[in-house]
Novice: 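Would you mind keeping the following structure in view while I ask a few things?
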Amino acid sequence: MRTMANEARAAQGMHREREAADASAQGFLHRPWEGRAIMLLDLDAFFASVEQLDHPEWRGKPVIVGGDARRHGVVSTCSYEARAFGVHSAMPASAAAKLCPDAIWAPGRHGRYRELSDQIMTMIRDETPYVEQVSVDEAFADISPSRVNTEHPVAVAERIQKRVREEVGLTCSIGLGTTKSVAKIASDMDKPHGLTVVYPGSEQSFLFPLPIKKLSGVGASAQAKLGAAGIRTLKDLAEAEEEVLASVFGIRAAMMRARARGEEASEIVMERDVKSISHETTFAEVLTEREDIHGSLTTLLGKVARRLRKKQLKARTLAIKIRFEDRSLRNAQCALDQPNDDEIALAVHIDELLDKVWRPNEPVRLLGVRASGFAPPSAEVEQTALFQLEAEGEDAGAQPIIPSEEKRRGLINATDALKDRFGEDAVFFGAALRNSGNDTGPVSDHLPE
């Protein structure tokens with residue numbers, strides 16, 4: 001513990017701890033906690049840290065995940081050693097290579113990242129059922145004390161942090177406060193392996209001195225507009241005129257003011273309330289051939305559909321996202337006749353959506369697939385005419401072009417079983433081979449959206 005630093009932070013109603021064990025050994029007494037306790041756990045440089053965990057010889061060295069030093073693409077994430085050179089997420093690979101020429105480049109292993117993520121999320125759920133996983137490396141949790149569980153929230157956060165380090169071999173940073181926005185900001189204050197606590201009643205002393213960019217929902221455009229109005233800190237935002245905030249945030253103005261004041265009231269959204277599941281990736285070399293673009297979209301669709309089945313969900317809406325080389329973005333979506341979780345059946349919609357947003361020879365840098373509008377697991381998928389198409393002429397009476405529901409489900413169940421046992425890369429459809437080695441890893445892997 002750093003005594004002088006902690007005294008200064010105590011004046012603001014917050015403290016940070018580097019080692020929970022050291023704090024416990026020195027008999028640190030937690031201040032009383034009344035009311036909600038929301039924790040945000042953020043795994044430190046997650047993808048890069050996993051690579052260093054699995055490759056001990058890479059520890060202490062700059063590691064970059066995603067992209068390729070000799071090709072196009074963007075950095076997915078990087079180790080803290082690489083960040084010391086100025087490398088950061090979403091940076092062009094070519095720029096990262098110039099800043100850190102001796103970096104170790106890893107293509108990314110999404111199956112391995114999800115495996116460790118699931119292990120850590122289970123640790124959080126060992127403490128509370130109220131967990132909102134927002135990405136593969138980040139989750140909110142409600143660890144409020146109650147009549148049944150009187151343990152101090154800081155002690156719970158310390159235990160989770162310790163388990164992640166000792167049982168998994170990774171580090172995480174945790175923010176703890178009375179709202180999700182306070183917890184989110186706090187989690188970024190002391191990386192890596194930091195624990196920043198904002199006690200009830202001290203939210204404004206913590207928030208008000210901070211720049212507006214620290215608040216979730218304040219993007220570059222909002223920063224510029226607020227700055228032009230003289231609003232630079234969260235205190236300025238909390239005290240701004242209603243007309244000014246309305247001109248920047250529209251109907252979200254009241255919510256953004258509440259966040260700046262530490263008075264946000266949003267609840268933990270548990271997994272059963274997930275609104276969409278998506279997967280997207282960038283490519284080191286742009287895609288210009290329809291076959292390559294279609295193959296990558298169907299590969300992403302397979303990943304989304306597998307996650308639908310894992311969560312026992314079926315989607316009513318399917319959407320694709322394309323970012324072009326000039327960074328322009330196009331989206332398209334369609335409503336499904338029946339709720340579905342079957343990538344073979346859904347693949348026909350990929351063709352339709354692609355034709356809506358892409359023209360021949362347009363260079364594609366990023367692709368994404370999203371499923372939403374979920375139906376409960378009991379929802380039945382009817383076998384429509386799509387699966388009853390037969391060849392005409394000499395081939396009349398042949399087997400359906402698309403396998404029957406029974407055959408498709410058997411194939412999907414078999415591939416799911418193989419992946420469950422041997423990992424996500426154990427088996428895949430042929431379309432996945434078209435751009436093997438070209439993708440730079442997942443740009444995002446969101447659960448709730």
Side-chain angles (χ1 to χ4, degrees), residues 66-68 71-74 76 93 107-111 114 277-309 315 317-326 328-334 336 340-371 386-387 389 400-403 407-408 411-412 414-416 418-419 422-446:
D68 189 313
R71 304 162 73 185
H72 295 294
V74 297
S76 179
R109 298 172 297 149
H110 186 66
R114 179 155 291 280
I277 290 177
S278 64
H279 196 99
E280 60 187 53
T281 190
T282 56
F283 302 95
E285 298 290 343
V286 293
L287 307 184
T288 56
E289 298 295 325
R290 193 181 194 284
E291 292 80 3
D292 293 333
I293 297 169
H294 182 270
S296 294
L297 284 171
T298 53
T299 298
L300 294 171
L301 173 63
K303 294 179 179 181
V304 169
R306 174 160 161 76
R307 287 164 60 192
L308 285 173
R309 293 190 293 273
T317 302
L318 184 68
I320 68 169
K321 168 183 176 181
I322 299 182
R323 189 180 297 280
F324 297 89
E325 190 170 26
D326 63 2
S328 62
L329 183 68
R330 295 178 202 159
N331 299 277
Q333 70 177 39
C334 65
L336 305 176
N340 214 322
D341 64 356
D342 177 347
E343 61 264 39
I344 301 176
L346 293 171
V348 67
H349 297 290
I350 293 295
D351 284 299
E352 299 169 356
L353 294 173
L354 182 56
D355 288 339
K356 290 181 180 180
V357 292
W358 181 80
R359 299 294 176 265
N361 300 318
E362 287 185 308
V364 172
R365 181 66 71 188
L366 176 148
L367 291 170
V369 173
R370 185 182 74 250
L386 171 65
F387 310 119
L389 295 175
I401 295 173
I402 298 178
K407 290 182 178 179
R408 292 197 323 275
L411 176 60
I412 288 171
T415 58
D416 281 348
L418 286 170
K419 290 181 178 182
F422 299 109
E424 295 299 319
D425 298 326
V427 63
F428 42 81
F429 292 103
L433 293 174
R434 295 197 63 92
N435 295 296
S436 178
N438 185 29
D439 65 274
T440 63
V443 173
S444 64
D445 188 20
H446 298 291

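Values below: every heavy atom of this structure, side chains too, minus hydrogens, waters and symmetry copies. On a predicted model such as this, the values are computed, not experimentally measured, just so you know.
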Novice: Is there a side-chain contact between E343 and T298 (heavy atoms, below 4.5 Å)?
Specialist: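 Counting from C-beta outward, E343 and T298 never come under 4.5 Å.
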
Novice: Could you tell me the separation between the CZ atom of R330 and the NZ atom of K356, rounded to the nearest 0.5 Å?
Specialist: 14.5 Å

Novice: Should L353 and C334 be marked as a side-chain contact (heavy atoms from CB on, under 4.5 Å) after you check the CA-CA gap, both sets of side-chain angles, and the distance that decides it?
Specialist: CA-CA 8 Å; L353 294 173; C334 65; 4.0 Å; yes

Novice: Sequence neighbours excluded, which residues qualify as salt bridge (Lys or Arg N to Asp or Glu O under 4.0 Å) partners of K303?
Specialist: none

Novice: Within this structure, what is the CZ-CG distance for the pair R365 and L287, rounded to the nearest 0.5 Å?
Specialist: 8.5 Å

Novice: Might you point out which heavy atoms bring T288 and P363 nearest each other, and give the distance in Å?
Specialist: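 Answer, listing the atom of T288 first, then P363: CG2-CA, 3.9 Å.
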
Novice: Go through it in stages, so that I can follow the logic: the residues are R307 and R114, the test is side-chain contact (heavy atoms from CB on, under 4.5 Å), and I'd like the CA-CA distance, side-chain angles, deciding distance and then a yes or no.
Specialist: CA-CA 11 Å; R307 287 164 60 192; R114 179 155 291 280; 4.1 Å; yes

Novice: Working to the nearest 0.5 angstrom, can you tell me the gap between T281 OG1 and L366 CG?
Specialist: 7.0 Å

Novice: Over all heavy atoms of both residues, which pair between V304 and A371 is shortest? Give the atoms and the distance, please.
Specialist: CG1-CB, 3.7 Å

Novice: Would you name the heavy atoms of A315 and L308 that are closest together and state the gap between them?
Specialist: CB-CD1, 4.2 Å

Novice: Check whether any side-chain heavy atom of L318 lies under 4.5 Å from a side-chain heavy atom of L301, and answer yes or no.
Specialist: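 L318 vs L301: side chains touch.
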
Novice: Could I get the full list of side-chain hydrogen bond (donor to acceptor under 3.5 Å, both in side chains) partners for D326, not counting sequence neighbours?
Specialist: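 Applying side-chain hydrogen bond (donor to acceptor under 3.5 Å, both in side chains) to D326 gives S328.
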
Novice: Determine yes or no for a side-chain-to-main-chain donor-acceptor pair under 3.5 angstrom, with R323 supplying the side chain and V364 the backbone.
Specialist: no

Novice: Measure the NE2-CD1 distance between H349 and I320 for me, rounded to the nearest 0.5 Å.
Specialist: 12.5 Å

Novice: Can you give me the closest heavy-atom contact between R309 and D341, atom names plus distance?
Specialist: NH1-O, 2.8 Å

Novice: State which residues pass side-chain contact (heavy atoms from CB on, under 4.5 Å) with R290; sequence neighbours excluded, sorted by chain then number.
Specialist: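 With sequence neighbours excluded, R290 shows a side-chain contact (heavy atoms from CB on, under 4.5 Å) to H294, D351, L354, D355, W358, given in chain and number order.
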
Novice: If you measure from CD1 on I293 to CD1 on I350, what distance do you get to the nearest 0.5 Å?
Specialist: 12.5 Å

